[in-house]
Amino acid sequence: MRIVTALLSLSLPCVLNAADFDYTFVDAGLVDTEIDVGSVDVSGDGIGINGSIGVSDNLHIVAGYNDLDYDFGISGSTWNVGLGFNTDINDDLDFVADVTWIDAEVDTAFGSASEDGYGVSGGIRAHVGEKVELDAGLQYVDLDESDTVLNVGGRYYFSDSFALNAGLSDADAGMSWMIGIRAEFGGR
């Protein structure tokens, strides 16, 4: 079941949002994943869609969906929904924490497995220039087994409402990267 946990945890988004930042948005992009657990080495790619809706100055609702196809006819999908908290550290740096419920499924030629569980993430989000934003954090995922994931990402804003988005997730069992676009609805 370790491989299932690895496949699912690396396909989960870490959504970092903050009070001085727009946290009513949708991200969409391409995801590529490499899993290495014992003698199993599997790679996959697919799509990821994540979003956030601000409900107050310090609270937001997060949701996401990933659909990935791996080697050997394996496919995996995850849904998550949760609640997040954000607070200013200074004008350009915020602390963010999210708690999510996760529903995940893996299909193989030998059958399928599905799990639900939870994820907890915490990190920072920072302005490092007028058009550049970076984030970093840790995410704990507990499905059938647990894993801790280091997430780093960034955005380059080519307008007030749209940005190029990229991220990297590194877990014990493998690595995943994402590249896409973000549309924001609250203005910068």
Side-chain angles (χ1 to χ4, degrees), residues 6-33 44-55 58-69 75-86 94-106 115-126 132-143 147-159 161-171 174-188:
L7 290 170
L8 299 175
S9 66
L10 280 172
S11 68
L12 290 171
C14 180
V15 180
L16 297 177
N17 310 301
D20 286 338
F21 300 83
D22 187 352
Y23 55 96
T24 299
F25 65 83
V26 173
D27 287 332
L30 302 174
V31 179
D32 186 78
T33 300
D45 54 35
I47 60 165
I49 301 170
N50 309 300
S52 176
I53 297 172
V55 294
N58 297 101
L59 294 176
H60 51 274
I61 297 170
V62 296
Y65 173 75
N66 282 321
D67 186 32
L68 301 172
D69 292 319
S75 62
S77 62
T78 58
W79 288 94
N80 68 72
V81 64
L83 184 64
F85 169 79
N86 46 269
D94 286 2
F95 170 76
V96 185
D98 295 335
V99 177
T100 55
W101 169 80
I102 302 163
D103 182 54
E105 184 173 328
V106 172
E115 295 289 336
D116 61 338
Y118 68 94
V120 177
S121 64
I124 58 171
R125 188 170 172 187
V132 178
E133 179 183 308
L134 299 176
D135 59 55
L138 289 175
Q139 181 179 29
Y140 175 80
V141 177
D142 192 329
L143 293 166
D147 205 351
T148 302
V149 184
L150 171 65
N151 294 292
V152 294
R155 279 158 292 291
Y156 174 79
Y157 288 87
F158 54 90
S159 77
S161 299
F162 293 97
L164 294 176
N165 192 21
L168 178 71
S169 298
D170 188 12
M175 187 173 282
S176 179
W177 62 264
M178 184 278 302
I179 188 165
I181 193 163
R182 172 174 285 187
E184 296 183 347
F185 303 101
R188 287 176 51 80

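Predicted, not measured: the structure shown is a model, and the values here were computed from it.
Distance check, rounded to the nearest 0.5 Å: CG of Asn80 to OH of Tyr65 gives 12.0 Å. Here the straight-line distance linking atom CD1 of Ile47 with atom CE of Met178 works out to 12.5 Å at 0.5 Å rounding. One finds the OG1 atom of Thr100 at 13.5 Å from the CD1 atom of Ile61 (value rounded to the nearest 0.5 Å). Here the CD1-CG distance, from Ile124 to Asp94, works out to 10.0 Å after rounding to the nearest 0.5 Å.
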Subject >> Residues Tyr156, Phe158; criterion side-chain contact (heavy atoms from CB on, under 4.5 Å); working and verdict >> reply: CA-CA 6 Å; Tyr156 174 79; Phe158 54 90; 4.3 Å; yes

Original post:
Given the rule in the side-chain contact (heavy atoms from CB on, under 4.5 Å) test, do Leu138 and Leu150 qualify, once you have shown the distances and angles that lead to the verdict?
Top reply: CA-CA 5 Å; Leu138 289 175; Leu150 171 65; 4.0 Å; yes

**OP:** Using the side-chain contact (heavy atoms from CB on, under 4.5 Å) rule, take Val99 and Leu83 through it: C-alpha gap first, then chi angles, then the decisive distance, then the call.
**Re:** CA-CA 6 Å; Val99 177; Leu83 184 64; 5.8 Å; no

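Partners of Asp32 under the side-chain hydrogen bond (donor to acceptor under 3.5 Å, both in side chains) rule, at least two apart in sequence or in another chain, are Trp177. Annotation: side-chain contact (heavy atoms from CB on, under 4.5 Å) contacts of Tyr140 (sequence neighbours excluded): Tyr118, Asp142, Ser146, Thr148. Contacts of Asp69 classified as side-chain contact (heavy atoms from CB on, under 4.5 Å), with partners at least two apart in sequence or in another chain: Ser75. The side-chain contact (heavy atoms from CB on, under 4.5 Å) check on Ala183 picks up Phe162, Phe185, with sequence neighbours excluded. Residues satisfying the side-chain contact (heavy atoms from CB on, under 4.5 Å) criterion with Leu59, sequence neighbours excluded, are Val55, Ser56, Phe85.
For Arg182 against Asn165, the heavy-atom pair with the smallest separation is N-CB, 4.5 Å. The shortest heavy-atom contact between Ala136 and Val152 is CB-CG1, 4.0 Å. The nearest pair of heavy atoms linking Tyr23 to Ser52 is O-OG, 2.7 Å. When all heavy atoms of Leu68 and Gly46 are compared, the pair lying nearest together is CD2-N, 3.4 Å. Here the shortest heavy-atom pairing between Ser77 and Asp67 reads CB-OD1, 4.0 Å. Contact between Gly154 and Leu134 at its shortest, heavy atoms only, is CA-CD2, 3.9 Å.
Glu115 is not listed as a side-chain neighbour of Ile102, based on a closest heavy-atom distance of 4.5 Å or more.
Residues Ser176 and Thr33 bring a donor and an acceptor atom of their side chains to less than 3.5 Å of each other.
With Asp98 contributing its side chain and Ser121 its backbone, the two residues share no donor-acceptor pair below 3.5 Å. Put simply, the side chain of Thr24 gets close to the backbone of Gly54: a donor and an acceptor are under 3.5 Å apart. A donor-acceptor distance shorter than 3.5 angstrom exists from the side chain of Asn58 to the backbone of Asn86, with no hydrogens or angles considered.
Heavy-atom neighbours of Ile53 CD1 from other residues, nucleotides or ligands within 6.0 Å: at or below the threshold of 12.
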